[in-house]
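Taking it in order: structure first as structure tokens, then the write-up.
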Amino acid sequence: MRTYTLTELKDRRRDLRKRATSQEDLLWEKLRNRKLGPKFRRQHSVGRYILDFYCKEKRLLIEIDGGIHEKKENKEYDTVRDKYFIELDFKILRFTNDEVEQDMEKVIDKIRACF
């Protein structure tokens, strides 16, 4: 069974890349073109989930959470989603929009610590 980059999610992934948040753009600028070493992809799907950033080599997922993630139903969804990825032996890093905007060096240090 194919679980990566499902064809039926292709248009959704493309749309998410076009409508990236400013925080996603800021972090992508630090991750793209192997600037930290390993290759990252953005808006990549694994299973039925689309990830903000994905590094296959390090089995690392990075999510940037805006205010919507504070809602109860979104927290529950994120918990189920994280459990799915933990069972697949992925590492998950979550950052808030504020962390990305206000302390990018700390964000990058946490990412590097996973290498």
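Position 1 is the first residue of the sequence; numbering continues from there.
In terms of heavy atoms, F40 sits closest to C55 at CE2-CB, 3.5 Å.
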Worked verdict on H44 versus K56 for side-chain contact (heavy atoms from CB on, under 4.5 Å): CA-CA 10 Å; H44 185 82; K56 180 179 180 181; over 6 Å; no
Show your reasoning for whether side-chain contact (heavy atoms from CB on, under 4.5 Å) applies to L16 and I50. CA-CA 9 Å; L16 288 170; I50 300 175; 3.8 Å; yes
Kindly indicate, with the supporting measurements, whether the criterion side-chain contact (heavy atoms from CB on, under 4.5 Å) is fulfilled by E63 and D65. CA-CA 6 Å; E63 291 294 312; D65 295 340; 4.0 Å; yes
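Put simply, the side chain of R59 gets close to the backbone of L88: a donor and an acceptor are under 3.5 Å apart.
For K18, there are no salt bridge (charged side-chain N to carboxylate O under 4.0 Å, His left out) partners at least two apart in sequence or on another chain. Residues meeting the salt bridge (charged side-chain N to carboxylate O under 4.0 Å, His left out) test with R42, sequence neighbours left out: none. Residues satisfying the side chain to side chain donor-acceptor pair (under 3.5 Å) criterion with D15, sequence neighbours excluded, are R19. Listed by chain and number, the residues in a ring-ring contact (aromatic ring centres under 6.0 Å, His included) with F85 are Y49, F90 (sequence neighbours excluded).
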In a table with atom names and distances, give each donor-acceptor pair under 3.5 Å that connects a side chain of residues 102-115 to protein atoms at least two apart or in another chain.
{"from": "D103", "atom 1": "OD1", "to": "K106", "atom 2": "N", "distance (Å)": "3.4"}

In a table with atom names and distances, give each donor-acceptor pair under 3.5 Å that connects a side chain of residues 22-32 to protein atoms at least two apart or in another chain.
{"from": "Q23", "atom 1": "OE1", "to": "T21", "atom 2": "OG1", "distance (Å)": "3.4"}
{"from": "Q23", "atom 1": "NE2", "to": "E101", "atom 2": "OE2", "distance (Å)": "2.4"}
{"from": "E24", "atom 1": "OE1", "to": "T21", "atom 2": "N", "distance (Å)": "3.0"}
{"from": "E29", "atom 1": "OE2", "to": "K35", "atom 2": "NZ", "distance (Å)": "3.0"}

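Residues I64 and D52 are in side-chain contact: their nearest non-hydrogen atoms beyond the backbone lie under 4.5 Å apart. In this structure, D78 and E76 have side chains that are not in contact, with every pair of non-hydrogen atoms separated by 4.5 Å or more. Between F95 and I62, some side-chain heavy-atom pair lies under the 4.5 Å cut-off. Residues D82 and R94 meet the side-chain proximity criterion, which asks for heavy atoms closer than 4.5 Å. Using a 4.5 Å heavy-atom threshold, the side chains of Y54 and L60 count as separate.
We find the CZ-CD distance between R17 and Q43 to be 7.0 Å, quoted to the nearest 0.5 Å. Within the model, atoms NZ of K58 and NZ of K39 stand 15.5 Å from one another, a figure rounded to the nearest 0.5 Å.
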